Number of protein chains: 2
Amino acid sequence: MEEPRKRARPGRSPAPAGRTARPRQAEVARHAGVSQATVSLVLADKREGPAISEETRQRVLEAARSLGYVPDPAARRLAAARNNLLGVFSFTATFPTEVQHSYYPFLVGVEREAAERGYDLVLFTGSSTGGAGAAGPEALGRVRLADGCLFLGRHAPVQELARLVADGFPVVHLGRRDDPEGLHWVGADYVSAAHEVVGHLAALGHRRMVLIREDDEAPASTDREHGFLKGLETAGLPGGPETVFRSADPARDLTPERLRGWLADGVTAFVAEETDTGAAWRALLRAAADAGLDCPRDASLALLGSPPADLADGPEPTGFDIPRTRLGAAAVRMLAALVAGEEATEPLVACAFRPGATSGPPPAVHGH
Amino acid sequence: MEEPRKRARPGRSPAPAGRTARPRQAEVARHAGVSQATVSLVLADKREGPAISEETRQRVLEAARSLGYVPDPAARRLAAARNNLLGVFSFTATFPTEVQHSYYPFLVGVEREAAERGYDLVLFTGSSTGGAGAAGPEALGRVRLADGCLFLGRHAPVQELARLVADGFPVVHLGRRDDPEGLHWVGADYVSAAHEVVGHLAALGHRRMVLIREDDEAPASTDREHGFLKGLETAGLPGGPETVFRSADPARDLTPERLRGWLADGVTAFVAEETDTGAAWRALLRAAADAGLDCPRDASLALLGSPPADLADGPEPTGFDIPRTRLGAAAVRMLAALVAGEEATEPLVACAFRPGATSGPPPAVHGH
DNA sequence: TTGTACGCGTTATCAA
DNA sequence: TTGATAACGCGTACAA
């Protein structure tokens, strides 16, 4: 006796009382009377590779089932196989209390598509919550547990994202984003959608229109402007800088007087971009009301997106809806492709045109 | 030559093109001129354990920083025998399209509490979606991937749950449930809440009231009845079976005539239980309206729960709100305790009393 | 104070 | 067809 007994479970804290350890492949092997490697082979169920006798196969499967065996994702990951786990990391709470920027519609699509493809989801509790990811750079490193990760929200730290991308870790960002070179993303096709809205107005007979936008350089904004201008071009209408009104504070700068001035110049339709705050749209509605305009009789209004929640009761704006659920699905689709080592799928998702009630034919020209 | 060269990275598929391997502790160690174990010690930064010379410490930290070292979560978890992962398994889609039975409020609490405690969440794509869990009972086995799992929804298969519980796998069910012996759950304290509602009515002066309930034996129903009867007792009011009206189809059985009969008998307040369909409350509102009752002048109404979404516009019912967010948090709290090998925490969460607008003093007694 | 050795659970290769 | 075996990256007991 006294022989140096094997060190008990080194590297592990003692198992909690009453807790039965999950069965391992080794245990399944013992029950089936085979080696652990055989278990691995059977469970991998590869087409190629060494064939296994049906008899052994069944024994192993039965043992695994009866023991409730489930592969350890960490070990699997370590051995460079896959998890069937897709990560979701948001930089605000994934389920925010303020419904304002709720990811719910995205998640519907994400869950559906992930289920479809046999993936489970890992929700990494974001940094904002002060949760698991509060501390430093390792916060983002956690996502490497999954086979790939989806990022939501504007405040993704470029450095860390770049690192993941550089390491070849499959990453998809929700929303167009150029910042870390080579970052994959899915986003709404604002260019086409804005283009379509302009086409709709032009078809109604509008010859001059103005885009109201805020003063930032977010891709979502520039895309809309781009689509707006392209729409004018397609319709053979005059473009140029004077068709875009840009203001850091539309509520202040978009006065009823200015609106009247445009009208006097022959402008008959106004298009506002959508932003988080909805400032442009709000200002436009306000100015039109203050100017005593009856919409759409006196002028047509359109919104490049969906109205903010608090304006949901008002008349349905002509414009388009962002297909959030389909965006979520598209993101998962792309992520799955990257995980599989395939090419990234189509990043753009079409928006749904919304006829709405704020546009109509331009007013008949009075006077001569 | 020809000596059997070391097999290149066994156990791994070939690294995807362009993929740079991240630095490992071993590499940090080389750069710092120490052993890998020392790197691990320095990075762990434990209070106890072997002390490290400040000199070495700095060299290691510097090397780690300059190489951009990030620990591999999979390896870390493999070594630590813990995931920091809590599972969430729902038997309907976790993010249903029909807002009717949305788990959103629960998830808010779940996410918040999980983040607080440093856990990430695994959303197991449920069986209903035909997703990863479509196949038979083994679907549930997947949850063993996490350190513990939360179950949502009514249709949890008892067999499989029992299996998990028997194996000592930490499981918490959302909603009271006795079925698999030893299953842990968290639920709303309907008994106290119903008790409080009765107390409120009694304090207003009501001496006789009737509970309208459907004809099932769900814990949520019996708890409410129990609380209702206890409330009567506390208030010193007559209880007994005639104070409970039980019907499999309240819409049919709860006629205006019956209501008038009760009123004639001196009943001045009616309490409806809440169910998925809201049938009892609907029938009560309908009968009161048909009987030409002005509520709360002629009679007081109360609802043991929250009104169904389609009745949200109506007058706010006296009753209580189920604290779903806090329930989610409580579930995570209990699950975390079980994972840590501690005792289960308090399963009951208090409901929030809602004064509402459907109750008031009983009508003055006319006649003599 | 630091280095050596081992095991966590898995996959993949190779020899039997 | 199956069983050893190496290795993934990290944490820790133990020896130096």
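Source: prediction; values computed, not measured. Letters A, B, ... mirror the listed sequences (proteins, then strands); counts begin at 1. Because only heavy atoms are used, hydrogens play no part in the values below, and waters and symmetry mates are left out as well, while side chains stay in.
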Verify the contact: side-chain N or O of [X] to OP1 or OP2 of [N], cut-off strictly under 4.0 Å; return yes or no.
{"X": "A:S53", "N": "D:dT2", "result": "yes"}
{"X": "B:S35", "N": "C:dT2", "result": "no"}
{"X": "A:R76", "N": "C:dG9", "result": "no"}
{"X": "B:S40", "N": "D:dC10", "result": "no"}

**Study point:** side-chain contact (heavy atoms from CB on, under 4.5 Å) against B:H31, all qualifying residues, sequence neighbours excluded
**Key:**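 Listed in chain order: B:E27, B:A63, B:L67.
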Provide, to the nearest angstrom, the distance between the [atom1] atom belonging to [X] and the [atom2] atom belonging to [N].
{"X": "A:E27", "N": "C:dT10", "atom1": "CD", "atom2": "C1'", "result": "16 Å"}
{"X": "B:Q25", "N": "D:dC8", "atom1": "CD", "atom2": "P", "result": "14 Å"}
{"X": "B:L41", "N": "D:dC14", "atom1": "CG", "atom2": "P", "result": "15 Å"}
{"X": "B:Q36", "N": "D:dG9", "atom1": "CD", "atom2": "P", "result": "11 Å"}
{"X": "B:Q58", "N": "C:dT2", "atom1": "CD", "atom2": "P", "result": "12 Å"}
{"X": "B:D72", "N": "D:dA7", "atom1": "CG", "atom2": "C1'", "result": "14 Å"}
{"X": "B:N84", "N": "D:dG11", "atom1": "CG", "atom2": "C1'", "result": "15 Å"}
{"X": "A:L43", "N": "C:dA12", "atom1": "CG", "atom2": "P", "result": "13 Å"}

Point to revise | NZ/NE/NH1/NH2 to OD/OE distance under 4.0 Å, B:E55 and B:R59 | key: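 Yes, charged N to carboxylate O under 4.0 Å.
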Review point. Going by an N to O cut-off under 4.0 Å, is there a salt bridge joining A:R142 and B:D120?
Key: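 Counted as a salt bridge, because a side-chain N and a carboxylate O are separated by less than 4.0 Å.
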Review point. If you look at every strand shown and take non-hydrogen atoms under 4.0 Å, does B:V39 touch a base, only sugar-phosphate, or nothing?
Key: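 Answer is nothing: B:V39 stays at 4.0 Å or more from every strand.
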[X] side-chain proximity, nearest of [options]:
{"X": "B:A37", "options": "C:dT2, C:dT4, D:dG3", "value": "C:dT4"}
{"X": "B:T38", "options": "C:dG7, C:dG3, C:dT10", "value": "C:dG3"}
{"X": "B:A75", "options": "C:dT1, D:dC8, D:dG9", "value": "D:dG9"}

Exercise for review: Specify the angle, to 10°, made by the local axes at the two ends of the helix from C:dT1-D:dA16 to C:dA16-D:dT1 when five pairs are taken at each end.
Suggested key: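 End-to-end axis angle for the helix from C:dT1-D:dA16 to C:dA16-D:dT1: 50°, rounded to 10°.
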Exercise for review: Please list, chain by chain and in numerical order, all residues satisfying side-chain hydrogen bond (donor to acceptor under 3.5 Å, both in side chains) with A:S66, sequence neighbours excluded.
Suggested key: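 Expected list: none.
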Practice item. Quick one: list whatever passes side-chain hydrogen bond (donor to acceptor under 3.5 Å, both in side chains) with B:N84, sequence neighbours left out. Key: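 Applying side-chain hydrogen bond (donor to acceptor under 3.5 Å, both in side chains) to B:N84 gives none.
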Exercise for review: Please list, chain by chain and in numerical order, all residues satisfying salt bridge (Lys or Arg N to Asp or Glu O under 4.0 Å) with A:R177, sequence neighbours excluded.
Suggested key: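 Salt bridge (Lys or Arg N to Asp or Glu O under 4.0 Å) list for A:R177, sorted by chain: empty.
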Exercise for review: Return the set of residues passing salt bridge (Lys or Arg N to Asp or Glu O under 4.0 Å) with A:E54 (not counting sequence neighbours), or none when no residue passes.
Suggested key: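 Salt bridge (Lys or Arg N to Asp or Glu O under 4.0 Å) list for A:E54, sorted by chain: A:R57.
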